[in-house]
2 protein chains.
Amino acid sequence: MHRLPGIPGINPYGPFSTPGLNHLVHQLQQQQAAAVAHAEEIDENLEPDDPKVELVDKALWEEFHRNGTEMVITKTGRRMFPGFKTKVSGLNPKAKYCMVMDIRPKDDCRYKYHNSCWMVAGKADPELPRRFYIHPDSPATGEQWMNRPSISFHKCKLTNNIADPHVYGHAILNSMHKYQPRFHIVRCSDTSQIYSRQWRTTCFPEMEFIAVTAYQNEKITQLKINHNPFAKGFRDTGCGRREKR
Amino acid sequence: MHRLPGIPGINPYGPFSTPGLNHLVHQLQQQQAAAVAHAEEIDENLEPDDPKVELVDKALWEEFHRNGTEMVITKTGRRMFPGFKTKVSGLNPKAKYCMVMDIRPKDDCRYKYHNSCWMVAGKADPELPRRFYIHPDSPATGEQWMNRPSISFHKCKLTNNIADPHVYGHAILNSMHKYQPRFHIVRCSDTSQIYSRQWRTTCFPEMEFIAVTAYQNEKITQLKINHNPFAKGFRDTGCGRREKR
DNA sequence: CAATTTTTCACCTACGTGACAATG
DNA sequence: GTCATTGTCACGTAGGTGAAAAAT
């Protein structure tokens, strides 16, 4: 079961070693990488697709948005709530896709919360390194992505720690700045191809938020408490033991 | 950013759309799949490897083994303890690998525990469908596999439920039968290729165990309690509140 | 009956919440 | 002083333990 090492382009024990194919493959030797990439490109585009993206929990996002969504950022990283979850249809079931998200500054302002209102408080701090977060199940077939109840990015946490050790899983944001999450579909069979392929980007304006280290708007706090199961301990439920100060 | 649908083999907007390459690729159209597979095959074997596999927590496994390891199986699935964890070296850093495990019957006997001893109690029950468990991070490069502290299969639980709904994540075993876990390295760039490639199998005899629905040997119970953090509540720690009946 | 399996439970691990006090 | 940030905490979710009782 041992293979001959160090002889590029020839593999006498391979399952497809017919002379004709070997000849053809030799012809392509110099352009091999490009040809393979091209063949894959074509293969991936033999059949069309027409992706539709839907935001999960859209009504909840809108309720937050009406009050001015805030997201807490911490040194160790904090999840978003509501979560970043999409539902995708219209993919080609056989083709492979990578799902990607990022969180971009919405403008170049710094904000402050004053008299129960968010207002501009100057120029934005220097932009932090921009990161893309590749969904850990990438790549997967269109069928697999469409069959799941949602595509969730809950493992990507928000932090303000520039020296964050989980650099590849967290989004680094500036506090008191406004952000817009984005969702990208990239049709390719391997994550290494992501940055050389077409990106199809979807943006939900109701996901806009301001990053904070502590909640400013009490209405937002209450919405979080009332809807996030992990904050159930702070709910005001008749039998409750917690009261407002 | 829209692509022309329904025109197979032609993609006017692709990054590699030079006429010469298009011609070559058209030549290969019928053998395309085979050629791509062949090119990948060659690519994957350009450089040699010589994998070494080590069992994590070997000393603990050996301590269990000296007393006759038992693993509880339940309807909903139970983890193994000690866990099935390996550490791999000697892979080719650039090549891609899939990591696979399975759990095979060790013999064709049924056992019973009698007078503090395991003894043969007849012929084995009919063998259950044999499953392979592919590590969920497969495929990944040799570098990625070698860099992690261990390759763990803790998500593969043991069950005796033939109609188990998590069919692809659980191992279905017969109670009172003896088993041997195995570890397999398969060099390939996609899980779909696993069953057509060479398997390199490692077997640690100290991992042998008998599946049970309730522990038989009290020494095994104590080893589990003393070493599994989730069973800490049953430890006999001076301040302990639990005593033997 | 005896042996094995299933169910339920208290007690853990692990970690996601906002409140609040301390810090800068 | 003011405001923003950090650390700690009680209280949740989620799920992995063997014991013990109940069921087969």
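Below, read A as the first sequence line, B as the second, and so on, with proteins coming before strands; counting in each chain starts at 1. Worth saying up front: this structure is predicted, and the values here are computed from it rather than measured.
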Take the protein atom [atom1] of [X] and the nucleotide atom [atom2] of [N], then report the distance between them rounded to whole Å.
X	N	atom1	atom2	answer
A/Trp118	D/dC3	CH2	P	13 Å
A/Glu70	C/dG18	CD	P	11 Å
B/Ile225	D/dG16	CD1	C1'	14 Å
A/Asp236	C/dA19	CG	P	12 Å
A/Tyr215	D/dC3	OH	C1'	19 Å
A/Arg235	C/dA19	CZ	C1'	16 Å
A/Ile73	D/dA4	CD1	C1'	11 Å
B/Lys224	C/dC11	NZ	P	23 Å

Check your understanding: Are A/Lys232 and C/dT17 close enough that a side-chain N or O sits under 4.0 Å from OP1 or OP2?
Key ->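 Answer no for this pair, as no side-chain N or O of A/Lys232 is under 4.0 Å from OP1 or OP2.
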**Study point:** Side-chain N or O of A/Lys75 closer than 4.0 Å to phosphate OP1/OP2 of D/dG7
**Key:**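 Looking at the OP1 and OP2 atoms of D/dG7, one of them is under 4.0 Å from a side-chain N or O of A/Lys75.
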Check your understanding: A/Cys98 and side chain to side chain contact (heavy atoms under 4.5 Å, CB included): which partner among A/Asp190, A/Ile185, A/Ile194?
Key ->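 Result: among A/Asp190, A/Ile185, A/Ile194, A/Ile194 is the only option passing the side chain to side chain contact (heavy atoms under 4.5 Å, CB included) with A/Cys98.
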Exercise for review: Heavy atoms only: give me the nearest A/Arg197-A/Cys188 pair and the separation to one decimal.
Suggested key: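 Scanning both residues, the minimum pair turns out to be NH1-CB, 3.7 Å.
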**Study point:** side chain to side chain contact (heavy atoms under 4.5 Å, CB included) partners of B/Ser175, counting only residues at least two apart
**Key:**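 Residues passing side chain to side chain contact (heavy atoms under 4.5 Å, CB included) with B/Ser175: B/Ile73, B/Thr213.
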Practice item. Could you note down all residue pairs passing salt bridge (Lys or Arg N to Asp or Glu O under 4.0 Å) where residues 141-156 of chain B supplies at least one of them, sequence neighbours left out? Key: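 Salt bridge (Lys or Arg N to Asp or Glu O under 4.0 Å) check on residues 141-156 of chain B returns B/Asp137-B/Arg148.
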If you restrict it to nitrogen or oxygen atoms, what contacts under 3.5 Å exist between nucleotides 14-16 of chain C and the protein, and what is each distance?
| unit_1 | atom_1 | unit_2 | atom_2 | d |
| --- | --- | --- | --- | --- |
| C/dG16 | OP1 | A/Lys157 | NZ | 3.2 |
| C/dG16 | OP2 | A/Lys157 | NZ | 3.1 |
| C/dG16 | N2 | A/Phe230 | O | 3.0 |

Point to revise | Terminal axis angle for the helix from C/dA3-D/dT24 to C/dG24-D/dC3, five pairs an end, nearest 10 degrees | key: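 Computed angle between terminal axes is 0°.
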Between side-chain atoms of residues 119-128 of chain B and protein atoms elsewhere (two or more places apart, or another chain), which donor-acceptor pairs fall under 3.5 Å?
| unit_1 | atom_1 | unit_2 | atom_2 | d |
| --- | --- | --- | --- | --- |
| B/Lys123 | NZ | B/Asp108 | OD2 | 2.7 |
| B/Asp125 | OD2 | B/Arg110 | NH2 | 3.4 |

Looking at residues at least two apart in the chain, or sitting in another chain, which of them share a salt bridge (charged side-chain N to carboxylate O under 4.0 Å, His left out) with [X]?
X	value
B/Arg200	B/Asp49
A/Arg130	A/Asp102
A/Glu206	A/Lys58
A/Asp107	none

Check your understanding: Can you pull the ring pair (Phe, Tyr, Trp, His ring centres under 6.0 Å) pairs that have at least one residue in residues 76-112 of chain B, sequence neighbours excluded?
Key ->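 Ring pair (Phe, Tyr, Trp, His ring centres under 6.0 Å) check on residues 76-112 of chain B returns B/Phe84-B/Phe153.
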Point to revise | Residues which pass ring pair (Phe, Tyr, Trp, His ring centres under 6.0 Å) with B/Tyr195, listed by chain and number, not counting sequence neighbours | key: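 With sequence neighbours excluded, B/Tyr195 shows a ring pair (Phe, Tyr, Trp, His ring centres under 6.0 Å) to B/Trp199, given in chain and number order.
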Anything under 3.5 Å between a protein N or O and an N or O of nucleotides 1-5 of chain C, put it in a table, one pair a line.
| unit_1 | atom_1 | unit_2 | atom_2 | d |
| --- | --- | --- | --- | --- |
| C/dT5 | OP2 | B/Ser175 | OG | 2.8 |
| C/dT5 | OP2 | B/Thr213 | OG1 | 2.7 |
| C/dT5 | O5' | B/Thr213 | OG1 | 3.4 |

Check your understanding: Pick the nucleotide of DNA chain C nearest each of B/Thr74 and A/Val72; which residue has the one closer to the 5' end?
Key ->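 Between the two, 5'-proximity favours B/Thr74.
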